[in-house]
Protein chains: 2
Amino acid sequence: MQFSKSNFSEWFTDVLSEAGIMDIRYPVKGMPVYMPWGFAILRKIFSYLEGQLEDAGHEQALFPLLLTDNLLAKESHMLEGFSPEVFWVDAEDDGRKLAIRPTSETIMYTMYSLWVQSYKDLPLRIHQTVTCYRQETKATRPLIRGREFYWNEAHTVHATREDAEKQIAAGVDIYSKVYNMLGISFLPFVRPEFDKFPGAEYSIAFDTLLPDGKSLQIATVHYLGTNFSKPYAILYKNEKNERVPAYQTCYGISMRALAAVVAVHGDDSGLVLPSKSAPIQIIIIPFTKSPEIGEIEFKLKSFGYRCRVDDSGRRAGDKFYHWEAKGVPMRIEVGERELKGNSVKIAMRNGEKQVVKISELDKIGSLFEKYDKSLGEAHADFIEKNTYSAGSLSEIKKGGFVKFGWCGDDECAGKVKEQGVEIRGEIYGKKPVKLKCIACGKDGKEVYAVHPY
Amino acid sequence: MQFSKSNFSEWFTDVLSEAGIMDIRYPVKGMPVYMPWGFAILRKIFSYLEGQLEDAGHEQALFPLLLTDNLLAKESHMLEGFSPEVFWVDAEDDGRKLAIRPTSETIMYTMYSLWVQSYKDLPLRIHQTVTCYRQETKATRPLIRGREFYWNEAHTVHATREDAEKQIAAGVDIYSKVYNMLGISFLPFVRPEFDKFPGAEYSIAFDTLLPDGKSLQIATVHYLGTNFSKPYAILYKNEKNERVPAYQTCYGISMRALAAVVAVHGDDSGLVLPSKSAPIQIIIIPFTKSPEIGEIEFKLKSFGYRCRVDDSGRRAGDKFYHWEAKGVPMRIEVGERELKGNSVKIAMRNGEKQVVKISELDKIGSLFEKYDKSLGEAHADFIEKNTYSAGSLSEIKKGGFVKFGWCGDDECAGKVKEQGVEIRGEIYGKKPVKLKCIACGKDGKEVYAVHPY
């Protein structure tokens with residue numbers, strides 16, 4: 001089966017199904033099934049993320065799915081922001097209504113209030129990988145917007161604002177590493193006031209571009225200040241023995257990381273997986289029955305590669321198509337001619353081919369590096385080509401990143417929105433660039449806008 | 001802090017808290033929080049299990065949390081068995097009531113009906129690790145009976161009864177390996193009719209004994225026959241091109257595996273972890289600041305051990321207590337005297353001590369083997385000592401495994417129950433032993449009874 005990426009929306013749905021990523025036929029709206037291949041890729045991505053979080057001092061825990069209504073009500077922005085979307089449960093606990101977590105602040109911070117007593121308990125850095133639930137009113141799309149979403153959320157507590165803001169930078173750094181590993185380029189924005197997380201002092205969000213020119217928000221990092229620690233009583237005794245509210249951050253990254261991998265790297269033959277995210281990195285297609293096939297497999301596994309021999313009865317062409325559709329980065333063909341030459345044929349999923357001596361298979365690491373690099377560069381190029389400046393409202397097109405000046409007024413943001421794009425904020429960590437507002441001409445700063453999913 | 005295991009119930013709760021396994025203070029009944037150390041042990045156990053399942057041809061997937069009422073209603077035993085305990089959600093999907101999964105048969109088999117078309121699609125073996133939800137009416141206990149439970153469930157589909165029953169044996173074998181790795185002994189029973197899984201043809205369950213003599217069901221394996229494949233239309237075209245119902249099995253293992261590890265191996269100093277389940281296998285306590293400490297750590301890690309140096313400012317005694325309470329299998333003490341002798345002091349968590357040359361640290365594998373073996377043997381001994389035969393109802397005591405004859409009648413089972421124990425069935429895979437019924441004296445077979453949690 002061939003897929004035509006020129007019709008991106010149809011291509012995306014077809015590839016999810018044909019590559020064994022998701023099955024959207026489960027009869028509850030916005031809740032598709034993760035098929036084995038899709039779930040394996042998802043776990044490769046999240047295992048890498050979890051490892052990065054652990055290395056940076058986070059510990060993994062697991063908090064309950066259900067919360068009581070009064071927990072949600074403690075922070076008024078949370079209640080306002082999430083109430084319309086929460087799934088309520090037809091059961092009570094000690095007279096309190098129960099809800100399914102839309103996100104875990106209220107659940108985790110209830111415990112943090114018990115765990116944080118002294119400055120010695122800080123910093124506290126906990127993360128969990130769970131599914132969350134929201135009654136989305138927008139149209140759902142597999143891996144992009146569901147009523148069930150898979151994500152990792154990290155929640156940290158600090159003694160000072162400075163420490164907490166250092167953690168914000170650390171969170172941005174961890175997520176950058178994940179997307180760097182996946183060859184996905186993005187821009188990190190400080191969201192405008194009207195678009196920040198309910199209860200946050202400020203929010204940073206990563207936006208990437210999909211092939212249709214629409215943007216996808218693929219990670220968020222929030223500075224909460226003391227907005228939650230006050231209502232949830234996350235207080236620590238400082239060195240003067242006073243109980244004072246702690247400073248908090250939280251950040252999350254969802255199955256949209258997988259959506260981005262599928263959408264950005266895939267082609268008309270199906271998925272194209274960055275090597276570290278591939279459940280199988282090397283597929284060996286034997287054209288002969290020599291015991292050397294097993295030896296090659298053993299050798300590759302001993303080098304640490306995830307490797308499999310396809311010794312099914314299918315025709316070679318069918319095998320090629322099958323593993324290409326699944327995005328396996330490297331195919332090794334072994335026939336009698338190759339074995340006579342003590343070599344194998346290697347075809348990378350991006351089309352690079354070569355013959356390699358069996359004795360030099362320990363050097364294929366460089367092939368993976370080159371392959372991963374080329375995927376990353378292609379997307380970086382794509383984003384660069386689709387980023388432009390607009391000097392007036394009429395120069396704004398739907399699609400890509402457009403930059404211009406904005407004075408910060410909601411009214412002017414509304415005029416931008418009439419052009420079909422939304423202001424996503426200034427670049428995080430970049431010195432503000434002074435620019436006149438594209439709508440009113442008053443003093444403003446450079447911001448970016450996109451046509452979001 | 002010391003714990004007294006002589007009061008087992010209090011000891012269990014205290015150890016869960018002090019070792020950082022669970023925090024039971026979360027304000028929703030039956031939904032404690034998995035703390036980092038507890039979650040790390042849980043994941044070590046489940047990663048081992050998942051690996052065994054993969055090796056035996058299972059693939060991991062992830063199915064949604066919510067189901068519609070009509071899915072549950074398709075199999076009448078499921079509806080009857082689970083309806084009273086299901087959490088219903090205050091939302092509808094296309095006019096259907098939504099429920100939170102109490103277990104995933106109805107969800108997975110809805111998809112299996114789409115995935116299974118031909119005999120070529122069989123066998124199908126899928127598993128997932130998720131949390132499930134039931135409104136328990138019995139008293140909840142952390143890790144033993146909760147309204148949220150963490151488990152792995154495997155669901156397989158086969159073309160023939162023979163294949164499916166071979167899979168039953170494979171399931172029993174996989175779970176046996178898990179408990180063997182954990183040093184937990186158990187008896188596998190074929191449950192009596194009145195105690196089988198709703199919709200199963202027969203159910204096998206593993207029962208173990210906790211230190212208080214009560215039994216804990218720690219795994220179940222069910223043969224479903226065509227009881228589900230008929231209502232859920234899991235049909236395959238056989239070689240004669242007829243669409244016929246497939247044969248199914250399902251099996252599950254929960255966080256009770258962790259409960260058993262805590263309860264069975266722990267002592268008055270806290271947890272005692274089998275080496276493969278320990279997030280940290282070796283804790284190094286330095287009494288000096290030599291660079292050799294780092295070299296020893298590096299060496300141990302290169303051998304594949306999970307190892308950490310405790311270079312905190314705490315007193316050595318506090319460090320000992322801390323890591324003992326957490327159950328770390330091996331402590332390595334390194335002081336100047338040891339380094340002068342090119343050696344280290346090793347203390348296993350079960351009390352075994354010795355001095356080992358640094359050059360011989362590659363041989364500590366045998367210490368772990370001996371340690372794991374001793375944990376396993378101690379529990380096997382405990383079960384042997386607490387298994388006895390009863391010749392009459394009055395000889396039945398509460399506690400331990402008691403065996404006797406039973407004719408199979410519910411009325412006679414009721415008389416046994418009046419003694420405070422419940423019949424758990426015949427041993428799976430053992431030739432039935434003829435014995436007169438302990439209650440009515442008629443012909444019967446040997447069964448076991450326990451006082452269950």
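Every chain is numbered from 1 and lettered A, B, ... according to where its sequence line falls, protein lines coming before strand lines.
- Atom CZ of A/R306 has more than 12 neighbouring heavy atoms from other residues, nucleotides or ligands inside a 6.0 Å radius.
- Heavy atoms of B/R147 lying under 4.5 Å from chain A belong exclusively to its side chain.
- Minimum heavy-atom separation, A/P27 to B/T68: O-CG2, 4.2 Å.
- Within a 6.0 Å radius of CG in A/D55, other residues, nucleotides and ligands contribute more than 12 heavy atoms.
- Between chain B and the options A/Q60, A/R96, A/E59, the largest number of non-hydrogen pairs under 4.5 Å is found for A/Q60.
- With contacts defined as side-chain heavy-atom distances shorter than 4.5 Å, the pair B/M108/A/Y26 does not qualify.
- Environment of CZ in A/R145: crowded, with over 12 heavy atoms of neighbouring residues, nucleotides or ligands closer than 6.0 Å.
- Within the 4.5 angstrom heavy-atom criterion, atoms from both the backbone and the side chain of B/I107 approach chain A.
- Once rounded to the nearest 0.5 Å, the distance linking CD of B/E50 with CZ of A/R43 reads 8.5 Å.
- In this structure, B/V28 and A/L98 have side chains that are in contact, with non-hydrogen atoms separated by less than 4.5 Å.
- Atom CG in B/L66 sits 9.5 Å away from atom OG1 in A/T131 (nearest 0.5 Å).
- Residue B/L42: no heavy atom, backbone or side chain, is found under 4.5 Å from chain A.
- Within a 6.0 Å radius of CZ in A/F303, other residues, nucleotides and ligands contribute more than 12 heavy atoms.
- A/F39 CZ to B/Q128 CD: the interatomic distance, rounded to the nearest 0.5 Å, is 8.5 Å.
- The side-chain contact (heavy atoms from CB on, under 4.5 Å) test with B/F87 singles out one residue from A/L65, A/D90, A/V89, A/I100, and that residue is A/V89.
- Both the backbone and the side chain of B/M31 come within contact range of chain A, with heavy atoms under 4.5 Å apart.
- A donor-acceptor pair under 3.5 Å is formed between the side chain of A/D93 and the backbone N or O of B/K29.
- Using a 4.5 Å cut-off between heavy atoms, B/W115 contacts chain A through its side chain alone, with no backbone atom that close.
- To the nearest 0.5 Å, atoms CD (B/E148) and CG (A/L62) are separated by 6.5 Å.
- A distance of 10.5 Å separates CD in A/E92 from CD in B/Q135, rounded to the nearest 0.5 Å.
- Interface summary for chain A: among B/P64, B/A61, B/P36, the most heavy-atom pairs under 4.5 angstrom belong to B/P64.
- Heavy atoms of other residues, nucleotides or ligands lying less than 6.0 angstrom from CD1 of B/I24 number 12 at most.
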